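One structure is given here, and the rest of the page talks about it.
Note that the coordinates shown come from a computational prediction; the quantities given were computed from them, not determined experimentally. Just so we're on the same page: letters track the sequence lines, and every chain starts at 1.
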Amino acid sequence: MRSRLLHEVAGLRTFVVVMDKGDDAAEELARFARDNAVTGAGLTAVGACREATLAYFDREEMTYQDIPVTEQAEVLSMLGDIAVQPGRSGSGQDEPALHVHAVLGLRDGSTVGGHVRRAVVWPTLEVVVTESPAHLRKRVDEETGLALIRLDVS
Amino acid sequence: MRSRLLHEVAGLRTFVVVMDKGDDAAEELARFARDNAVTGAGLTAVGACREATLAYFDREEMTYQDIPVTEQAEVLSMLGDIAVQPGRSGSGQDEPALHVHAVLGLRDGSTVGGHVRRAVVWPTLEVVVTESPAHLRKRVDEETGLALIRLDVS
Amino acid sequence: MRSRLLHEVAGLRTFVVVMDKGDDAAEELARFARDNAVTGAGLTAVGACREATLAYFDREEMTYQDIPVTEQAEVLSMLGDIAVQPGRSGSGQDEPALHVHAVLGLRDGSTVGGHVRRAVVWPTLEVVVTESPAHLRKRVDEETGLALIRLDVS
């Protein structure tokens, strides 16, 4: 994974992040966010991957169900955001929380999509990360256990 | 639905709009646009919904055909714009015109997509609305009856 | 195809490009990039097309396989970027390189997606092109023969 700051307007940074062959996009994006102290941002990406683990949120079970993708696929769309989630570890440090969804395209043009847990890039994935000025903070929703953006508290 | 102005550069506002459980995203986005006098903007969103009415434009019938989605679905992508459509009501007032498309992801990773008529959010939908400076005005296309963006008239 | 400069902040231009009925979106976007000297940009679009040629990159053959779409389809998402590819012709001039992926929606809500080779617009396609300051230059990847963005060389 390599990244470059494209520009900065009014303190808001826009980065391009280019994944290398074999990178897990989810892991590398979290690392990128930590390394660059990105605490609120939107992202879009296109490229391709050689395997992936997507997920669907099951309302009955209140948990994500994995959807494995075991073949080469075009990343037709990848959209999401990076926010801050209060630290759950002993350190109490805030951690970047990725909320990223993707639609993948298979050989015959059919598509498969879901929440991105893992996406092993091949040969490339080009991600544009656009920073937001306000820190988008998340809190755990009691009903679902999911970390959702809260706008009601500064 | 709650919204927050994220930043404003050269008079152009960027908002984040977070839908609540049970909100109809189409209805709430139109309300958000009216309340904030947004007359030209692009938008992207990810999240999930518990039911939706998508639509396909039928070239023969020159009308939208509904595609009902009656199960919990990930909103894998939601992209579109907000423009101004000349008022059709007696008041003659301009109204925000939403042109939003979505791809939804089901339990097995299969996808369903179309023009968004209604999308009942659950548990969340995070929308970023980026204002454009020029008012994007629409006019009704004679052949299709659809309101399309016109660039040839200021 | 008609385009309009929406705004320019810190030398970075944002355009809206509206395709006409019958335009090939891939061809017109390349023409737009040449005409406006756009050498690094991201783009998003929604609209519809009456036919298209999408493609899937075959890892074994190291070449794109066509996926023809021969019916009216909603353009549910179109995401990509414009970069500069070193000229391959005798002129040696740099050329805009489009890397654009799309998800199309059919009558029953099913979707088909891939790399966009051709997309014949009907009735409209609304594209937002957002310029990046650094020229995103591409180089040919030896393994795949594809032009990938290089960040390691200024």
Sole candidate of C:T144, C:L148, C:L146 that passes side chain to side chain contact (heavy atoms under 4.5 Å, CB included) when paired with A:T124: C:L148
Heavy-atom proximity to chain C below 4.5 Å, by part of A:T14: neither
Residue part contacting chain C, namely of A:V103, when any heavy atom lies under 4.5 Å: side chain
Best-contacting candidate, A:E126, A:Q72, A:R107, against chain C by heavy atom pairs under 4.5 angstrom: A:R107
Option in A:S77, A:S3, A:G47 with maximal non-hydrogen atom pairs under 4.5 Å from chain C: A:G47
Reported CD-to-CZ distance for the pair A:E71 and C:R59, which is rounded to 0.5 angstrom: 12.0 Å
Rounded distance [0.5 Å steps], CG in C:D81 versus OG1 in A:T44: 9.0 Å
Heavy-atom check, side chain of A:K21 versus side chain of C:D141, under 4.5 Å: yes
A:L79 side chain reached by C:L79 side chain, heavy atoms, under 4.5 Å: yes
Pair A:E74, C:H101: side-chain N/O donor-acceptor within cut-off below 3.5 Å: yes
Most chain A-contacting option - heavy-atom pairs closer than 4.5 Å, from C:L54, C:V100, C:I67: C:I67
Contacting moiety of C:T111, where chain A heavy atoms sit under 4.5 Å: both
